[in-house]
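Reviewing the structure listed below.
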Protein chains: 2
Amino acid sequence: METPPLADVIINSFDGYSAEVRKAARFVLDNPRDVALLSMREQARRAGVQPSTMMRLAKQLGFEGFDPVRDAYADAMRNPATSFEGKARDQQRLQDLGGDQALAAKIVASVTRQLQSLSAAEQLVRLSDAATLLAGARRVYCLGLRASHPIAWQLNYILSLVGDKSVLLDDIANTGSDRIRFAGKEDVLFAVTVTPYTQLTLDIVDYAHKQGVPVVALTDSPVSPLAKRATITIATTTESPSFYHSMTPAFLLAEILAVLVAGQGEKETLEALRQVDSYHASLGTHATTRPHPTATPSKEIQ
Amino acid sequence: METPPLADVIINSFDGYSAEVRKAARFVLDNPRDVALLSMREQARRAGVQPSTMMRLAKQLGFEGFDPVRDAYADAMRNPATSFEGKARDQQRLQDLGGDQALAAKIVASVTRQLQSLSAAEQLVRLSDAATLLAGARRVYCLGLRASHPIAWQLNYILSLVGDKSVLLDDIANTGSDRIRFAGKEDVLFAVTVTPYTQLTLDIVDYAHKQGVPVVALTDSPVSPLAKRATITIATTTESPSFYHSMTPAFLLAEILAVLVAGQGEKETLEALRQVDSYHASLGTHATTRPHPTATPSKEIQ
DNA sequence: GCTTTAATGAAACAAATGTTGCAAGAAGCG
DNA sequence: CGCTTCTTGCAACATTTGTTTCATTAAAGC
């Protein structure tokens, strides 16, 4: 909490307060954390003030009661990186918005908060360890079904840009996972699933685990059923204000993981990327400033 | 709070807990801050558990009641030395980190910054407008190839959970886009591509545009070739400190869009979600609390 | 100095909290 | 199958919570 919430407001109007309210305000200024962590009465006790005085302070600050004040401080503690000024502004603006926009903004805020926790120390260590494991593997099998598909796909896609050792365990006609049969100790299985855990994913991981294949798990808790079979577990949250959980944090983790793995084979990566470019150039996969020969010039396309 | 209090203890004895206590333990593991900031009953509610279960967890951890548990977490939040609150400290730490971890942290920081800009006012308006357009469509065609695949897939997936009007323009044997032939003015094409723009995507959008199909574009610039054919353009950045651009912001936008669209048909959404549940229940798609019959008990797996 | 206004503390309130005990149910065992 | 043990939800408990009200006190204005 770099800039405690309401600090400016309190300081500005401090002189206008009465003696007792000042004591309360002073306590809030000096012990921002306790505002969130202690009961109002306990704070009153410590500030040497009546509970009603805390109440009066809250109202003078423009709140209905003390709970909103505590909420403000609690929010600030939940998300240490975002300064309160920005948050207050956002909060204010949120109330002016329609339902859709407000929900959208809420989701962004929630996911942003979760992303920040991804750079916690152990998280980084795990990512780095997982990257090393993947980079050393003969083959990387990527497994993510249903909601987790984009995550597994993304890892496989990026790894495929820089080499041919990645295999996506997904295919039509229910043959998706067949190739896991060829995995061994020198390979690695990258598996993703979150609540509600896909049974098939667990089954496949279980099989691979028994075959001695190291498993890198990306899931939503260190105690998820996936984590139990994993060599390295990378955990993230999927919380969201909406009915559907967000896969965005997991998606970012997969991207980061892929980039780290690619980075470990520096020379090969560069060489591979050069090949990708010339490959696509000759196929006309991408639009250039001038579209490829068979298409009409872009200006006329408009 | 780098290492949340009791985390090790909980993880270690997790397997010894009963199903309900596990739910509680899991919540504590996943939401360490809320343990300090919320009332026990509120935590029980969020964990989907009875207050008594929280009590049981506390006792199994060797405490008299829940208050001592909360105190432990509160202490961790108060003391900046053991918490990861300090931005400055993070910065400091970054410099001590190895290349991989530093890069990972940088990517997180970069993407976080970009996400925050997604809740800019105009962005929200566009999202909301796009959602309305999509919600009113007879059919929604989702198109995203190569790097943009996860984004289009995600929108289609979520929409498919709550209805049958979404079509993913992707299929094997180069027949992916054929179904766009049936699109008309009452439908909407949701198309995604970023630099380097996939030519095929542009071609398909071009075709649809000529047929009078409204287009919602998700791309990396308001002046991208995709934007020119679009009714509504949602723009985001794909910047990243690494060699590969990040699709995470676009991914989040697609998630939000999907949720907004689903939210517009409130009753139908709820009904559909209920159907989804019973459908998967009868197919056994998802793992239940108890591991499925064929798997060995978790203790032995570890 | 008397009246009006504001500030303070104490008591009372309903609501929510942490906690306990118990009965119904499920799981495990012989 | 019956018996026991463990698990789970429910209802009740006494506290504590946030909040309101009101009488008392201090200050300010004329």
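In what follows, chains carry the letters A, B, and so on, assigned in the order in which the sequence lines appear, proteins first and then strands, with residues in each chain numbered from 1. Just so we're clear, the structure is a prediction, and the values are computed from it rather than from any experiment.
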In terms of side-chain heavy atoms of [X], which of [options] is nearest?
| X | options | result |
| --- | --- | --- |
| A:D67 | C:dT19, D:dG18, D:dT17 | D:dG18 |
| A:R41 | C:dT8, D:dG18, C:dG18 | D:dG18 |
| A:R70 | D:dG9, D:dG18, C:dG9 | D:dG18 |

Within the structure, does a side-chain N or O atom of A:S18 lie under 4.0 Å from either OP1 or OP2 of C:dT8? yes
Please tell me if B:R22 has a side-chain N or O lying less than 4.0 Å from either OP1 or OP2 of D:dT7. no
Using whole Å, report how far [atom1] of [X] lies from [atom2] of [N].
| X | N | atom1 | atom2 | value |
| --- | --- | --- | --- | --- |
| B:F66 | D:dT16 | CZ | P | 18 Å |
| A:Y17 | C:dT8 | OH | C1' | 17 Å |
| B:E42 | C:dA16 | CD | C1' | 11 Å |
| B:F63 | C:dT19 | CZ | P | 12 Å |
| A:M54 | C:dG9 | CE | P | 14 Å |
| A:K23 | C:dT8 | NZ | C1' | 11 Å |
| B:R45 | C:dA15 | CZ | C1' | 12 Å |
| A:L57 | D:dT19 | CG | C1' | 15 Å |

Pairs under 3.5 Å (N/O, protein and nucleotides 20-22 of chain D):
residue: D:dT20; atom: OP2; partner: A:K59; partner atom: NZ; Å: 2.6

Side-chain donor-acceptor contact under 3.5 Å, [X] with [Y]:
| X | Y | result |
| --- | --- | --- |
| A:Q43 | A:N31 | no |
| A:Q116 | A:T112 | no |
| B:Y73 | B:D34 | no |

B:L127 versus B:L257, closest heavy-atom pair with distance: O-CD1, 3.6 Å
Between A:S39 and B:E20, whichever has its closest DNA chain D nucleotide further toward 5' is B:E20
Rounding to 0.5 Å, atoms CE (A:M54) and NZ (A:K23) come to a distance of 12.0 Å
To 10°, what angle do the rotation axes through the five end pairs on each side of the helix from C:dG1-D:dC30 to C:dG30-D:dC1 form? 20°
By side chain to side chain donor-acceptor pair (under 3.5 Å), A:R26 pairs with (sequence neighbours left out) A:D30
Tell me, which pairs form a side-chain hydrogen bond (donor to acceptor under 3.5 Å, both in side chains) where one or both residues lie in residues 48-61 of chain A, sequence neighbours left out? none
Would you please name every residue forming a ring-ring contact (aromatic ring centres under 6.0 Å, His included) with B:Y157, sequence neighbours left out? B:W153
Would you list the atom pairs, donor with acceptor, under 3.5 Å between side chains in residues 61-70 of chain A and any protein atom, with sequence neighbours excluded?
residue: A:D67; atom: OD1; partner: A:R70; partner atom: NH2; Å: 3.2
residue: A:R70; atom: NH1; partner: A:L38; partner atom: O; Å: 2.8

